[in-house]
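Take a look at the structure below.
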Amino acid sequence: MSTLLLNLDFGEPPQKKAFEGNAKHRKFVRKRRLLERRGFLNKKNQPPGKAPKLNSEPAKKGETSSVDGAWKVSPLPKKKTVASSSGPEQSLDKKAAVPWLTPAPAPKAGSAVGKVDLLGEFQSALPKIRNHPARPHKKGPQKNLTQKNAPQSSPQPHSDDKCSGASQKMVAIDCEMVGTGPKGHVSSLARCSIVSYHGDVLYDEYVLPPCHIVDYRTRWSGIRKQHMVNATPFKVARGQILKILTGKIVVGHAIHNDFKALQYFHPKSLTRDTSHIPPLNRKADCPENATMSLKTLTKKLLNRDIQVGKSGHSSVEDAQAAMELYKLVEVEWEQHLAQSPPKD
């Protein structure tokens, strides 16, 4: 049986003796080895099994080579790109080409479109991203502003607008006093009423004087003892009243008596006393320099009776009457004050 066994080698198949490299290649390898030993060049970091042999010829295209006793097929090299005169470089390997980056093939030279728009092809192949639309310039409000400003540039504004603007800063006041001090000869504030330009009541409160009341003067003031039970203390009421009067035009009849009871001085340029307005007396056919009572002027100019009866005066009614009387000569008197303003 042993005579039948042969010394067979089942390892690598017999290969043809590789041709030694040409002399130029061997000379190049020797020089590289020498430079690597002297440190001028770094050695190639290659696995020991893949280091090329000096006497071996590089494998040809499509041939197999054996490494460590195993047969391996050399990978196919990448195909070269071919530059076209009528378009950009195109890859011959269709599998390796990226579809959305590869432009369309160039048309023939005789066609109408001779060149390929590479940028257009590239942008068309990109994924679409939703961008927020750019905000347009707001030209509308500018037009609206010009339209709004147009009426303001009118050459002559109406006098009613001036009056309405001044009316917001104009109030009328009237106060009722009681007697305090020795024998009740000192007038102290017991009620105060303030109305707007249109007669609306802004303030109407009973005020408790800081001194003992000697004479209520009910026939003229209308104040009685029961009115002082829940009356506002003088200091508190004075602060509330001055807060309304500050910075406004104050109308009243014999208004200096009201300011004296309030212990307050109002600027003369902002004070309108209907007892010292000559045009108002002229309208009532009275002497210009005479001091007429509020009851007389109201009867002659407004044809209305006030301060009637024994129940006393109403400060709200008197303040409204003073404001209505001043409206009759407001334009004329304001023009006079503009030409010759009073000195404070």
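- Under a cut-off of 6.0 angstrom, the local environment of NZ in Lys283 is sparse, with at most 12 non-hydrogen atoms contributed by other residues, nucleotides or ligands.
- Taking CD1 of Ile306 as the start and NE2 of His313 as the end, the distance is 8.0 Å to the nearest 0.5 Å.
- Here the CD1-CG distance, from Ile173 to Asp318, works out to 12.0 Å after rounding to the nearest 0.5 Å.
- Once rounded to the nearest 0.5 Å, the distance linking CZ of Arg238 with NZ of Lys235 reads 10.0 Å.
- Between Asp305 and Lys299, at least one side-chain N (NZ, or NE/NH1/NH2) sits under 4.0 Å from a carboxylate O, which counts as a salt bridge.
- A side-chain donor-acceptor contact under 3.5 Å links His253 to the backbone of Leu294.
- Ile249 and Val171 end up in different hydrophobic clusters when Ile, Leu, Val, Met, Phe, Trp and Tyr side chains are linked at under 4.5 Å.
- Clustering ILVMFWY residues whenever any of their side-chain heavy atoms sit less than 4.5 angstrom apart, transitively, puts Leu262 in a cluster other than the one holding Val186.
- Side-chain atoms of His266 and Thr271 form no donor-acceptor pair, as typed in the model, at a separation below 3.5 Å.
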**OP:** Under the side chain to side chain contact (heavy atoms under 4.5 Å, CB included) rule, what do Met323 and Ser196 come out as? Steps first, then yes or no, please.
**Re:** CA-CA 8 Å; Met323 180 62 79; Ser196 66; over 6 Å; no

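- With rounding to the nearest 0.5 angstrom, the CE atom of Met170 is 9.5 Å from the CG atom of Leu270.
- Scanning all heavy atoms of the two residues, the minimum distance from Ile255 to Asp273 falls at N-OD2, 3.5 Å.
- For the atom pair CG (Leu189) and CZ (Phe234), the distance works out to 6.0 Å, reported to the nearest 0.5 Å.
- Side-chain atoms of Lys248 come within 3.5 Å of backbone N or O of Ile244 as a donor-acceptor pair.
- Both Leu328 and Met292 belong to a single network of hydrophobic side chains, linked directly or stepwise wherever heavy atoms of I, L, V, M, F, W or Y lie under 4.5 Å apart.
- The hydrophobic clustering, which links ILVMFWY residues whose side-chain heavy atoms are closer than 4.5 Å, places Leu245 and Val251 apart.
- At a threshold of 4.5 Å between non-hydrogen side-chain atoms, the residues Pro341 and Ser269 do not count as touching.
- Between the side chains of Ser315 and Arg191, a donor-acceptor pair is found at a separation under 3.5 Å.
- A donor-acceptor contact shorter than 3.5 Å is absent between the side chain of Thr298 and the backbone of Leu302.
- Checked by atom type and distance alone, the side chain of His227 pairs as donor or acceptor with a backbone atom of Arg224 at under 3.5 Å.
- Ser221 places a side-chain N or O within 3.5 Å of a backbone atom of Tyr216 that can act as its donor or acceptor partner.
- Across all non-hydrogen atoms, the minimal contact from Val250 to Phe259 is CG1-CZ, 4.1 Å.
- Between Pro278 and Trp333, some side-chain heavy-atom pair lies under the 4.5 Å cut-off.
- No donor-acceptor distance shorter than 3.5 angstrom exists from the side chain of Gln307 to the backbone of Lys295, with no hydrogens or angles considered.
- Minimum heavy-atom separation, Asp204 to Ser193: OD1-OG, 2.7 Å.
- What you find for Gly181 and Val214 is that their closest heavy atoms are O-CG2, 3.4 Å.
- Other residues, nucleotides and ligands contribute more than 12 heavy atoms inside 6.0 Å of the CZ atom of Phe265.
- Side-chain contact annotation: Arg217 with Ser187, donor-acceptor N/O pair under 3.5 Å present.
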**OP:** Decide yes or no on side chain to side chain contact (heavy atoms under 4.5 Å, CB included) for Leu208 and Thr232, but give the supporting numbers first.
**Re:** CA-CA 6 Å; Leu208 180 64; Thr232 306; over 6 Å; no

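- By the rule that hydrophobic residues join a cluster once side-chain heavy atoms approach within less than 4.5 Å of another member, Met228 and Val236 end up as members of separate clusters.
- Judged as a side chain to side chain donor-acceptor pair (under 3.5 Å), and not counting sequence neighbours, the contacts of Arg304 are Glu324.
- Under 3.5 Å, the side chains of Glu334 and Tyr326 contain a donor-acceptor pair of N or O atoms.
- Looking at Thr218, its side chain does come within 3.5 Å of a backbone N or O of Ile223 through a donor-acceptor pair.
- Of all heavy-atom pairs spanning Trp220 and Glu176, the tightest one is O-OE1, 3.7 Å.
- In this structure the side chain of Glu332 reaches within 4.5 angstrom of the side chain of Arg282, judged on heavy atoms.
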Subject >> Glu330/Tyr197 under side chain to side chain contact (heavy atoms under 4.5 Å, CB included): CA gap, chis, key distance, verdict >> reply: CA-CA 12 Å; Glu330 179 183 2; Tyr197 182 82; 2.6 Å; yes

**OP:** Assess whether side chain to side chain contact (heavy atoms under 4.5 Å, CB included) is satisfied between Val195 and Asp174, documenting all intermediate values.
**Re:** CA-CA 9 Å; Val195 298; Asp174 188 76; over 6 Å; no

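- Inter-residue side-chain proximity for Leu280 and Leu325 is flagged as met; some heavy-atom pair is nearer than 4.5 Å.
- With rounding to the nearest 0.5 Å, the separation of CD1 in Ile241 from NZ in Lys243 is 13.5 Å.
- When the side chain to side chain contact (heavy atoms under 4.5 Å, CB included) test is applied to Asn289, no partner is found at least two apart in sequence or on another chain.
- Shown here for Asn281 and Glu288, the closest heavy-atom pair between the two residues is ND2-O, 3.1 Å.
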